[in-house]
2 protein chains.
Amino acid sequence: MTTKTGDQALIKRINTAIVLEYILRGSPLSRAQISEQSGLNKATVSSLVQDLIDGALVQEIGTGQSSGGRKPVLLEFVASSGYAVGIDLGVNYIRGVLTDLRGNVVAERTSALRLTEPNAAVDQLCGCIEHLMTEAPSSPYGIVGIGVGVPGLVDDNGTILFAPNLQWRDIPLQRLLTEKFSLPITIDNEANMGALGEQKYGVGRSINNLIYVSVGIGIGTGLILHKSLYKGASGFSGEMGHLSVEAHGKSCTCGNRGCWEMYASEQALLEQAAPLGFEDLESLLVAASSGRQDVLELFSNIGEYLGVGIANIVNVFNPDAVVIGNRMSQARPWLENALRQTVVQRALGFHLRKVQLLFAELGERSSMMGAAEMAIAGFFARVKAT
Amino acid sequence: MTTKTGDQALIKRINTAIVLEYILRGSPLSRAQISEQSGLNKATVSSLVQDLIDGALVQEIGTGQSSGGRKPVLLEFVASSGYAVGIDLGVNYIRGVLTDLRGNVVAERTSALRLTEPNAAVDQLCGCIEHLMTEAPSSPYGIVGIGVGVPGLVDDNGTILFAPNLQWRDIPLQRLLTEKFSLPITIDNEANMGALGEQKYGVGRSINNLIYVSVGIGIGTGLILHKSLYKGASGFSGEMGHLSVEAHGKSCTCGNRGCWEMYASEQALLEQAAPLGFEDLESLLVAASSGRQDVLELFSNIGEYLGVGIANIVNVFNPDAVVIGNRMSQARPWLENALRQTVVQRALGFHLRKVQLLFAELGERSSMMGAAEMAIAGFFARVKAT
DNA sequence: TTAACTTAGTTTATTGGATAGACAAACTAA
DNA sequence: TTAGTTTGTCTATCCAATAAACTAAGTTAA
């Protein structure tokens, strides 16, 4: 069993984390404010703040306004004390970003994925990471970690079990990158990363329970419950693209029938659009915006099926918000009505009272920003554990 | 924000909880064993154990075998230091139990629910509780709490928002019982209680992630994730009976279409059985065991639809086990094949590797035992918080 | 200008846990 | 008997949080 026991060091970690949290959220603010708001003694706050300053995570930035007494010394988190790399590895692109510890973008880099063969792709990925790392200003903590979002199922060791559209199986990406960079590496599904990105930096800021639905070639989902990413019992879940919405519908490669993503994904859209002579999403978006009736009906149909699945998700998880992301979010104007109507019709009233239907704000950058956030969050977790 | 700060009392609470946990799980065992296994210092363990003995939660029960030195003093949890009441309030019955703090049944009581009108039903419920309470031997902590499982949607204040089969709306049951008994009261959905009962005392013992599917008139679900009951964002979830499995299927009273419980519940079974001249589950079970072909096909059909929904659940939550409970679990012999086959066919391979399909062991008593467990768990939570 | 009052942050003595190590008690094995 | 082992308690020490006293640096009103 060996549950972790409590000692004085634990107390200090807990309280340091609290103080850091206040500075991260409320800065600039003074020691006195932290003490009052947190309930910690002034002396305790002073001591912990000093440790944080010594650790280069916090700095004094001058004095604030007096309210009839000594001026407060304002504290601020030092965002530039370290940097994080976030990568979105797509089926035909690699998108990467370098951010500071607040998620401010310092450098960005996009390139087409030349070869999908695993070795070559990983090489190109490493090149992208190295390039971004050289862009980082020198800082006390340097590069604190690398997060990578991938289009596939990832286990909790960061091994890509299966990435259908890349035709990858059992690629131990975390191990490969750890060997190469000797830095903390986080690998996760693109939808989980997207969920995190939107929750932290996008339309879902300050929403505690949200579900991100990544509608691309397939459908992936990322669940943020009680402010943190929910993983299934054994570390991977979110394969809700394979929720069956038509018990006797089309057979899916996964073995199930009537999977949601067979009716509501980009793939489903393109299949239906082929007879009309369309071959990609972009041309369909153009046709829709010029008002072509048959194309509008296609989108409306997709919107309805998206709604069917989302209603299911709402009934099961009862979240505060559902965020539609990835490529299909560009079709918002032509999806939204049908989607909204379907969800309202189908979700239970008790849940509907609360849930918001939103579209991703970061667009194609959700996943990459989420990956950077993962690396940042990992850094903070380590700081708090020391 | 006011996150709870850390102080010495917190350490003591944490470590006391650890020691108590070891005694609950591993008893009888000695102070030395606890120290060695937990990593806590011998002196610390001695001191905390003394507190627990003073608090009547632990007692010394003599010495154990020596392994070449002084004999250890064996410790045991005192199950009889308090008692809990667990109630299963059904549509046409009230089932109640009195247990000690280990969940051993001390007294049990079943009666038919005379009137479903809320006031009358609550009166009868109170009578049942009072009767059980008088059966409790005198003990240091007395009755530590009352748990009640109900067939409906419950919010986190213990108000029954909606119980379709009782035709109740907005009954503040927790408040009513608190006023009456001045004891800690926990109200929850019958399926959540059942999940807890099976996880603690039934077939799911020692399984950390399980999903309990209560198949009665409707279908309810209780999720135990990482050893604890999962509630949705706003305190109620588990309405997976209304997962749509046929996007364009039959309309449900909930507003959705093709809800799972319209195809796989007792109600669904009875509807299909009516043309054959059956009116209740019991007669169908008799017919099935005598081998009537058309009835067997009915059960097989229900089993298949149960499998469709369970495959969905498995894909979403990736649990260690799925437990089928409530009335329909009696039909196991005629459901199981079709169910198993469907799940294997439809669930993703990665999830299947792990998941077990089980049937409730406590039968009709799952929910009641879970309710008692809720009360017990509440007591321990309070002990650990002091 | 001064005295009275406020507020910010530090210093000091105290409290209450956990801990290592010494110790006593109780046992085994030779 | 004697040496060694195991259990459990006792004691001195450490360390983080805290209250209260204190210093620093401002405002306000006469």
Please list each protein N or O that sits under 3.5 Å from an N or O in nucleotides 1-4 of chain C, with the distance.
none

- Query: Is the shortest side-chain N/O distance from B:N15 to OP1 or OP2 of C:dA18 below 4.0 Å?
  - Reply: yes
- Message: Looking at A:R31, I'd like to know whether one of its side-chain N or O atoms comes within less than 4.0 Å of OP1 or OP2 on C:dT7.
- Response: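 It does not, given that no N or O in the side chain of A:R31 lies less than 4.0 Å from OP1 or OP2 of C:dT7.
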Send over the distance from [X] [atom1] to [N] [atom2], rounded to a whole Å.
{"X": "A:Q33", "N": "C:dA8", "atom1": "CD", "atom2": "P", "result": "8 Å"}
{"X": "A:L10", "N": "D:dC14", "atom1": "CG", "atom2": "P", "result": "22 Å"}
{"X": "B:L29", "N": "D:dT7", "atom1": "CG", "atom2": "P", "result": "11 Å"}
{"X": "A:L40", "N": "C:dG9", "atom1": "CG", "atom2": "C1'", "result": "15 Å"}
{"X": "A:K42", "N": "D:dA17", "atom1": "NZ", "atom2": "C1'", "result": "15 Å"}
{"X": "B:I18", "N": "C:dT19", "atom1": "CD1", "atom2": "C1'", "result": "15 Å"}
{"X": "B:Q37", "N": "D:dT7", "atom1": "CD", "atom2": "P", "result": "11 Å"}
{"X": "B:D7", "N": "C:dA18", "atom1": "CG", "atom2": "P", "result": "12 Å"}

Would you give me the side-chain donor-acceptor pairs under 3.5 Å for residues 72-87 of chain A, sequence neighbours excluded?
unit_1 : atom_1 : unit_2 : atom_2 : d
A:S81  : OG     : A:V78  : O      : 3.1

- May I ask you to decide if the ring planes of A:F317 and B:Y230 are parallel, tilted or perpendicular, using 30° and 60° as cut-offs? perpendicular
Under 4.0 angstrom, heavy atoms only, what part of the nucleic acid is [X] near: base, sugar-phosphate, or nothing?
{"X": "A:A43", "result": "base"}
{"X": "A:K12", "result": "sugar-phosphate"}
{"X": "A:S30", "result": "sugar-phosphate"}

- Message: Suppose we call a contact any N or O donor and acceptor under 3.5 Å apart; does that hold for the side chain of B:N41 and the base of C:dA20?
- Response: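 Indeed, a donor on one side and an acceptor on the other fall under 3.5 Å apart.
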- Message: According to side-chain hydrogen bond (donor to acceptor under 3.5 Å, both in side chains), who are the partners of A:K227, at least two apart in sequence or on a separate chain?
- Response: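 For A:K227 there are no side-chain hydrogen bond (donor to acceptor under 3.5 Å, both in side chains) partners, ignoring immediate neighbours.
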- Item | Pairing residues for B:D100 by the side-chain hydrogen bond (donor to acceptor under 3.5 Å, both in side chains) criterion, not counting sequence neighbours |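 With sequence neighbours excluded, B:D100 shows a side-chain hydrogen bond (donor to acceptor under 3.5 Å, both in side chains) to B:N104, given in chain and number order.
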Taking only distance into account, with no hydrogens and no angle test, what donor-acceptor pairs under 3.5 Å do side-chain atoms of residues 60-69 of chain B form with protein atoms, sequence neighbours excluded?
unit_1 : atom_1 : unit_2 : atom_2 : d
B:E60  : OE2    : B:R31  : NH1    : 3.2
B:E60  : OE2    : B:R31  : NH2    : 2.7
B:S66  : OG     : B:G68  : N      : 2.9
B:S66  : OG     : B:G69  : N      : 2.9
B:S66  : OG     : B:G69  : O      : 2.6

- Applying ring-ring contact (aromatic ring centres under 6.0 Å, His included) to B:F379 and not counting sequence neighbours gives B:Y141
- Message: Pick the closest DNA chain D nucleotide for A:R13 and for B:Q50 by heavy atoms, then say which residue is nearer the 5' end.
- Response: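 Comparing both residues, the 5'-ward one is B:Q50.
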- Task: Not counting sequence neighbours, list each pair that qualifies as a ring pair (Phe, Tyr, Trp, His ring centres under 6.0 Å) and has a residue in residues 49-73 of chain B.
- Result: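 Found none.
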- Strictly below 4.0 Å, heavy-atom distances to any atom of DNA chain C: list the hits from residues 54-74 of chain A, or just say none.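 Under 4.0 Å from DNA chain C: A:S67, A:G68, A:G69, A:R70, A:K71, A:P72, A:V73.
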- Looking only at side chains, do A:E373 and A:Y201 share a donor and an acceptor under 3.5 Å apart? yes
- Would you mind listing every salt bridge (Lys or Arg N to Asp or Glu O under 4.0 Å) that reaches into residues 35-54 of chain A, with sequence neighbours excluded? A:K12-A:D51
- Which nucleotide sits closest to the side chain of A:T44: D:dT18, D:dA16, D:dG8?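 Side chain of A:T44 sits closest to D:dT18.
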- State which of C:dG17, D:dT9, C:dA18 makes the closest approach to the side chain of B:Q8.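 The closest nucleotide is C:dG17.
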- Name the pairing partner of C:dT7, where a pair is Watson-Crick or G-U wobble with both distances under 3.5 Å, or state none.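 Matched C:dT7 with D:dA24 under the 3.5 Å cut-off.
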- Are B:M374 and B:V148 close enough, and set up right, to give a side chain to side chain contact (heavy atoms under 4.5 Å, CB included), and what steps lead you there? CA-CA 9 Å; B:M374 270 263 185; B:V148 184; over 6 Å; no
